[in-house]
There are 2 protein chains.
Amino acid sequence: MEQLNKFLNYLSAISPISEKAKEAIKNLCSTLHIKKNNNLQSIGQTCRTIYFVVEGTARINYFKEDKDVTEYFAFENDMIIRAESLFTGRPSHKAIQAISDTTFIAIPATPLFELFEKHHEVERLFRKIVERSYVDAINRLESLQFHTAEERYQALIKKSPAVVREIPLKHIASYLGITQVSLSRIRAAIS
Amino acid sequence: MEQLNKFLNYLSAISPISEKAKEAIKNLCSTLHIKKNNNLQSIGQTCRTIYFVVEGTARINYFKEDKDVTEYFAFENDMIIRAESLFTGRPSHKAIQAISDTTFIAIPATPLFELFEKHHEVERLFRKIVERSYVDAINRLESLQFHTAEERYQALIKKSPAVVREIPLKHIASYLGITQVSLSRIRAAIS
DNA sequence: CAATCTCTTTTACATTTGTTAAATAATCAG
DNA sequence: CTGATTATTTAACAAATGTAAAAGAGATTG
């Protein structure tokens, strides 16, 4: 329960929520442990759950012509959702996978969205979280659109050194939109 | 006023809003006409306004080492905001520019966000709009991350044929993350 | 309608990144 | 500890994209 309280404090720092609302959210939360390299959610499922990483590291990935592509990394406190499924109701062609042994908090979407009716401030909190995710996505778009692979790698090291320390390079390469061979070359050129 | 009503109907189709809320939003709306190639918002300003295109075409652009990069196209009913500024309060290094003579509806953010207090359903509407934008951004990320330039161009033609008909190729090229020369080559190869 | 812009394509060459395969290096399970 | 697996780097060559410059098309204006 310690973890859950810490998580709720983290949320209310984004946008304040009443004690009642906190309790209501708490009642929806469950905790999940997923072992390294196992899937929390599989390709083909429709996403109806909102996850947060409590401890560990996770990613969203999909397959493009047999190649495993990482779309997103999540660390402590990061939300991890397959938005293109959750917000459209369509099945997702992406998976959520634990990179290391990882603990997630899961909040089922339907009762959470129902909470929005009773607790306006929960909807606000969630809106702000989506706004943040949107800003992150836009910043990544900018980096993929017109930065070179080397610039993107340097930016990633700067923004999240943990990524480079803890995550296999093959995942980092596809996250950057390049092959692992290319990333190796870049790393060799830098140092 | 005809345009304004049409716009509000469009909004309430996304998420229903009461007549009262509609009136309140209406009172915040103003209409702006921007001539082709002129800026609605300039680089360096902090974005405190939410715009929608009523008629015409617009884009968000920025400069990367003197090169004009298009980040986003907006057509009729599309929202156009510089989210990385509006949602963070930081100045934007991006501009909003009319591609053709364009009519915008402008809603100042501060009073709109205040409306959220009184009219829960307006916050919900806005949340859903942000969710849609987020999904769009994720889909574009996927396309930039691991599709070839040709695939991206074909997808764009399929998704918005209007883009290719109405927008200068130099803008389309940078939107796709390639040079105009490259886009010309791809077009030549296809036909 | 001629002159001037602007937009688009083409060419030639440079650079980056991809592909495939092999060689190391690091990690893991028995 | 050791063989097996997984991760990372390197090499050689192919393909895609960038750069710079010029030519051709189309639009605009006096």
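Convention: sequence-line order gives letters A, B, ...; per-chain numbering from 1.
- More than 12 heavy atoms of other shown residues, nucleotides or ligands fall within 6.0 angstrom of atom CZ in A:R48.
- Ion pairing between a basic and an acidic side chain is recognised when a charged N comes within 4.0 Å of a carboxylate O; B:E19 and B:K26 show no such pairing.
- The CG atom of B:L176 sits 15 Å away from the C1' atom of D:dA16 (whole-angstrom rounding).
- Rounded to an integer number of Å, the gap from NZ of B:K36 to P of D:dT28 is 6 Å.
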- Message: Let's go through B:E131 and B:R127 carefully: what are the C-alpha distance in whole Å and the side-chain angles of both, what is the deciding distance for salt bridge (charged side-chain N to carboxylate O under 4.0 Å, His left out) to 0.1 Å, and is it a yes or a no?
- Response: CA-CA 6 Å; B:E131 282 176 5; B:R127 166 173 74 82; 2.6 Å; yes
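- Taking atom CD of residue B:E166 and atom C1' of nucleotide D:dA27, one finds them 17 Å apart after rounding to whole Å.
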- Task: Dot-bracket notation for DNA chain C is requested: 5' to 3', Watson-Crick or G-U wobble pairs only, both distances under 3.5 Å, with ( ), [ ], | and . as defined.
- Result: ||||||||||||||||||||||||||||||
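- No salt bridge links A:K36 with A:D101; every basic N to acidic carboxylate O contact stays at or beyond 4.0 Å.
- Separating the CG atom of A:D66 from the P atom of C:dT19 is a distance of 12 Å, rounded to the nearest angstrom.
- Per the geometry, CD1 belonging to A:I99 stands 12 Å off P belonging to D:dA7, to the nearest Å.
- In this structure, A:K35 atom NZ and C:dC28 atom C1' are separated by 15 Å, rounded to whole Å.
- For the pair A:R140 and A:Y72, the NZ or CZ position fails the cation-pi test of under 6.0 Å to the six-membered ring centre and within 45 degrees of the ring normal.
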- Item | B/S/- contact track for nucleotides 13-18 of chain C, protein heavy atom under 4.0 Å | ----BB
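- Side-chain contact of B:E84 with B:S92: a donor-acceptor pair under 3.5 Å is present, judged by distance alone.
- Nearest nucleotide to the A:R187 side chain, out of C:dT10, D:dT8, C:dC7: D:dT8.
- Atom CG in A:D101 sits about 11 Å away from atom P in C:dC28, given to the nearest Å.
- Few gaps surround CD on A:E151; more than 12 heavy atoms of other groups in view lie less than 6.0 Å from it.
- Here A:E117 pairs with B:R124 in a salt bridge; the nearest charged N to carboxylate O distance falls below 4.0 Å.
- Between the C1' atom of C:dT6 and the CG atom of B:N37 lies a distance of 10 Å, rounded to the nearest Å.
- Side-chain contact check for B:H93 and A:E142: at least one donor-acceptor pair (N or O, by modelled atom type) lies under 3.5 Å.
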